[in-house]
Amino acid sequence: MDSGRQVFMVDLLERYAAKGRGVITCMAAGNDVIVLGTSKGWVIRHDFGVGDSSEIDLSVGRPGEQSIHRVFVDPGGSHCLAVIVGSGGADTFYTHAKWTKPRVLSKLKGLVVNAVAWNRQQITEASTKEVILGTDNGQLHEIAVDEKDKKEKYIKFLFELSELPEDFMGLQMETASVLSGTRYYVMAVTPTRLYSFTGTGSLEALFASYLDRAVHFMELPGEVPHSELHFFIKQRRAIHFAWLSGAGIYNGGLNFGSQNSSPNGDENFVENKALLDYSKLSESAEVVKPSSMAVSEFHFLLLIGNRVKVVNRISEQIIEELQFDQASESVSRGIIGLCSDATAGLFYAYDQNSIFQVSVNDEGRDMWKVYLDMKEYAAALANCRDALQRDQVYLVQAEAAFASKDYLRAASFFAKINYILSFEEITLKFISISEQDALRTFLLRKLDSLAKDDKCQITMISTWATELYLDKINRLLLEDDTAVDNRSSEYQSIIKEFRAFLGDCKDVLDEATTMRLLESYGRVEELVYFASLREQYEIVVHYYIQQGEAKKALEVLQKPAVPIDLQYKFAPDLIMLDAYETVESWMATNNLNPRKLIPAMMRYSSEPHAKNETHEVIKYLEFCVHRLHNEDPGVHNLLLSLYAKQEDDSTLLRFLQCKFGKGQENGPEFFYDPKYALRLCLKEKRMRACVHIYSMMSMHEEAVALALQVDPELAMAEADKVEDDEDLRKKLWLMVAKHVIEQEKGAKRENIRKAIAFLKETDGLLKIEDILPFFPDFALIDDFKEAICSSLEDYNKQIELLKEEMNDATHGADNIRNDINALAQRYAVIDRDGECGVCRRKILTVGREYQMAQGYSSIGPLAPFYVFPCGHAFHAQCLIAHVTRCTNEAQAESILDLQKQLTLLGGEARKDSNGSVTEDSITSMAPADKLRSQLDDAIASECPFCGDLMIREISLPFILPEEAQQVMSWEVKPHNLGNQRSLSLPV
């Protein structure tokens, strides 16, 4: 222990605590409250929390001398029990902190209470709940007191020792909540025995159960001045106990949740039992037993004589001796006893007059050393306060393991040391004894303990560990050649471990250095594994291709993180290795550009293939063209070239006839190069395909010429495709006819009949005179008699049809002339009261405003007007104004311009006339008539009330945008009511 700092300190708390009421005989403490009993029957209560004290005389009314035998106070300092003994016998009193007068417990009269057990879990300031009292005749009683009742609720007898009646000297109780309710744990001591009781329900039921079963006890014979039982309380829960017995201090841990049962059926809640022999408390042979005891977390405070020896509970060594500054009159009697205040964490010693406080100063600070000396390393680590202390524990463990040649375990402990040994010192330890495995273990454990910020050190250690792994693997291979095939061998285990290490350290290992290491040791599989971890997929794929494992290589390439360029790079090798899997992978991969795969596909296509073998490239190209709707000319050209090389040209023809661009606006119907296709088909002698390509390129003459070499029917079909050029169509059919006639080798009459039959197939396009030149000059006219006569009859029918059409045209012209003459004589009758449709004035009115000279002929004094077949009539001026208002702006401007020109021409005509019409005036009127005609067409082509003009007005709003200002002027605005005055009218 560190002797520089004392753990326990003694201070004089109160010199004359008895206040002249006799001498102190007993004492108890709880929650900064101290209760003293004196030799004159007084109970003195000191509340140091509030700085108050009170005195109660329990000897009132009792004859003779009275002395307080025992006082007990609960952990909260509210409830107090006091036992007074005198010539009249013994009485037990209860008092509360708020009471001024105690209550005698009459049912306990004559019984000397030596021990009390409080229910720490449930006791409150207002109620004691269950309290157990132990008496000097071996009986246990239960009482409960509520402060508000001013008396006890009940006093029950619980239990009595029958086998060995002894005084109960100490009592402790603990409770725990279980499924069946509350479980009680009770410990009681007599001078020679420690009893334990446990059960659920109530205290009464608990002790009643021991009528049928044996009581569990521990017997330690021997004499002791005072048998005491103490629980150490931490956070209101008992942690361990100690019994001051005649044989020694019997102590142990308490586990109230334990389910272990003792042989006699009781639940055993005591763990790690130990007995501290009194012989360890003195250097001499004479054994001195303590007269009183107190228990802290790690120590026993033992009162021996006038001194308190502090003994470590774990090491059983005396660490300190406490001395007390007693008054001269108290020295003879010495220190009477010790007591503890579990709530405040303080201890007290007292003599006849004074109270001494014993305070604790961090008693656990050196417990790690205690546990370390006892080689209880886990407990030592649990009690360490800083990293240096932990390092010392790890160092002791590591040195012990190293000394016992348990190097792997030593490595684990060395790796936890951060300060007291350097990294180099530890590694040299293992290097000096050639323990590579232990060194590797140390490095791995060290990696686990390093912070993420130590990147440089992590990388160096990881690289060193990698090399140690590789060295270990090589050594195992040298030792056992069959290790590779033996699945359960150490070699396989270390390989698995090494791969896991690479996976964990992939981000901290230097990529280039690690790959060089793996390569130098020949660990290709691990190199590939590490490359895949570092996403160096090119190395991985290359390795799988070398191994012939195309499927694995393709699986790597299909990973989302793999660059698409690797697909193109390895495509030639993969398609040659496994065409089926490669093409399936291509079809399953999105965003693949087939154009970049053309070199790989051409390489595959250049190799010979069996007739019944599925051509994988054709399958993929068909997938691109038909499913992906690929429009790349290179892809289409390649597919066409592969079709052209097949024996059966049906697929080639279907491909050529398929319109891939159908549905695209202004797009091509096909995407292959027709010139390349034609060249290829000519080379491969695919004539039908060539015919189709010629036709598609509008080279119909070449198509028919080539088709005639293959099949005349095909030539006819090609000739018939031309529809918009009659001359070309006829020319193509003549080519077919010439070929048909020249190819016939039969009798002349038979040839002529076939030629005549051919003419019928042309649907009248060719006549007999068209094909006659193709026959030899010496052919007899008789052979064509029927055909010629038929042709002449057709010509006659056509002549007759033309005559009929000419007569119909002549009659039509006469009718038109008659209609024109009739139009000149048309007139309309106007009622003299007829009104203008616009101004609603009479049409036949006379007024100066309508006598205008705007190019119109004057009708006497009447204004010019228009009359429509529907009966509506309008003044010319009104009609012009109405139409310009209702039509669009451009049309309105045109009408007004025509009106202006007519006005100007009319004015000039009046100046020249002077009442007579001259030749010049007649010639000047000609443009006016033209303008008037244009104006009539613009305004009077239809009635404005019955024609399109009125229909268009339906969609116009009632209020036009330019009329918005006028509309706003009609809005009704509210008057300012605030400015109005109210007048009161008399009633």
Side-chain angles (χ1 to χ4, degrees), residues 1-2 253 272 297-298 312 314-315 362-473 490 493-494 496-510 514:
M1 299 291 291
D2 184 3
N272 305 321
E297 185 173 4
F298 296 109
N312 188 286
I314 306 302
S315 65
D362 192 13
E363 65 172 320
R365 66 174 181 261
D366 292 324
M367 285 307 297
W368 68 275
K369 285 184 180 179
V370 174
Y371 284 114
L372 183 60
D373 293 340
M374 298 173 66
K375 299 184 179 179
E376 292 185 18
Y377 302 117
L381 288 171
N383 285 275
C384 287
R385 301 289 180 84
D386 54 42
L388 285 174
Q389 292 178 1
R390 285 190 289 274
D391 274 5
Q392 293 184 56
V393 177
Y394 292 137
L395 178 60
V396 172
Q397 289 179 278
E399 294 290 0
F402 198 89
S404 62
K405 297 187 178 181
D406 189 353
Y407 299 115
L408 294 179
R409 190 160 173 268
S412 299
F413 290 125
F414 275 127
K416 297 177 182 179
I417 298 174
N418 295 314
Y419 300 102
I420 60 177
L421 270 184
S422 67
F423 176 81
E424 293 79 7
E425 287 178 286
I426 298 170
T427 52
L428 284 172
K429 277 179 176 289
F430 295 112
I431 292 172
S432 62
I433 57 173
S434 301
E435 274 297 328
Q436 301 293 329
D437 292 345
L439 177 58
R440 187 182 71 251
T441 301
F442 167 71
L443 295 177
L444 295 176
R445 298 293 179 272
K446 195 67 180 176
L447 278 175
D448 294 338
S449 64
L450 288 174
K452 291 182 179 180
D453 297 337
D454 300 331
K455 294 181 179 178
C456 183
Q457 192 171 4
I458 289 172
T459 300
M460 291 173 62
I461 294 175
S462 301
T463 306
W464 192 359
T466 302
E467 189 164 10
L468 291 174
Y469 267 118
L470 292 170
D471 181 64
K472 174 70 173 178
I473 292 167
E490 185 184 358
S493 176
I494 201 72
K496 186 177 180 181
E497 185 183 327
F498 181 43
R499 290 196 171 198
F501 167 77
L502 290 176
D504 293 339
C505 299
K506 62 183 175 64
D507 296 325
V508 298
L509 282 168
D510 180 69
T514 306

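Keep in mind it's a predicted model, so treat the numbers as computed, not measured. Position 1 is the first residue of the sequence; numbering continues from there.
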With sequence neighbours left out, which residue pairs that include part of residues 448-469 fulfil the ring pair (Phe, Tyr, Trp, His ring centres under 6.0 Å) condition?
Tyr469-Phe498, Tyr469-Phe501
Between SG on residue Cys505 and CG on residue Asp510, distance to nearest 0.5 Å
13.0 Å
Kindly determine whether Phe298 and Val370 satisfy side-chain contact (heavy atoms from CB on, under 4.5 Å), including the steps that lead there.
CA-CA 10 Å; Phe298 296 109; Val370 174; over 6 Å; no
List in chain and number order the residues that pass salt bridge (Lys or Arg N to Asp or Glu O under 4.0 Å) with Arg499, two or more places apart in sequence or in another chain; answer none if no residue qualifies.
Glu525, Glu526
Rounded distance (nearest 0.5 Å) linking atom CD of Gln392 with atom CD1 of Ile417
10.0 Å
State the CZ-CZ distance between Arg385 and Arg390, to the nearest 0.5 angstrom.
11.5 Å
To the nearest 0.5 Å, tell me how far Ile458 CD1 sits from Thr463 OG1.
11.5 Å
Determine, stepwise, if the pair Asn418 / Lys446 fulfils side-chain contact (heavy atoms from CB on, under 4.5 Å).
CA-CA 9 Å; Asn418 295 314; Lys446 195 67 180 176; 3.6 Å; yes
Lys429: partners by salt bridge (Lys or Arg N to Asp or Glu O under 4.0 Å), with sequence neighbours left out:
Glu399
Nearest non-hydrogen partners of Glu424 and Thr427, listed with the distance
O-OG1, 2.9 Å
Leu447 and Gln457, any side-chain heavy atoms less than 4.5 Å apart:
no
With a cut-off of 3.5 Å and sequence neighbours excluded, list every side-chain donor-acceptor pair involving residues 407-414.
residue: Ser412; atom: OG; partner: Leu408; partner atom: O; Å: 3.3

Say whether, by atom type as modelled, one donor and one acceptor occur between the side chain of Lys416 and the main chain of Leu395 under 3.5 angstrom.
no
Between CG on residue Leu444 and OG on residue Ser462, distance to nearest 0.5 Å:
8.5 Å
Looking at Ser315, is its backbone amide N or carbonyl O close enough to the side chain of Asn312 to form a donor-acceptor pair, meaning the two atoms are under 3.5 Å apart?
yes
Please report the closest heavy-atom contact between Leu509 and Thr466, naming both atoms and the distance.
CD2-OG1, 3.6 Å
Kindly write out the residues that satisfy side chain to side chain donor-acceptor pair (under 3.5 Å) with Glu467, not counting sequence neighbours, or none if the list is empty.
none
When rounded to the nearest 0.5 angstrom, what distance separates CG in Leu443 from CG in Asp448?
11.0 Å
Applying ring pair (Phe, Tyr, Trp, His ring centres under 6.0 Å), which residue pairs with at least one partner in residues 371-394 are found, sequence neighbours left out?
none
Asp391 side chain vs Tyr419 backbone, donor-acceptor pair below 3.5 Å:
yes
Has Gln436 got a side-chain atom pairing as donor or acceptor with Lys472's backbone, closer than 3.5 angstrom?
no
Please confirm whether the backbone N or O of Leu421 pairs with a side-chain atom of Glu425, one donor and one acceptor, at under 3.5 Å?
no
So among Asp373, Leu381, Val393, which one has a side chain to side chain contact (heavy atoms under 4.5 Å, CB included) with Trp368?
Val393
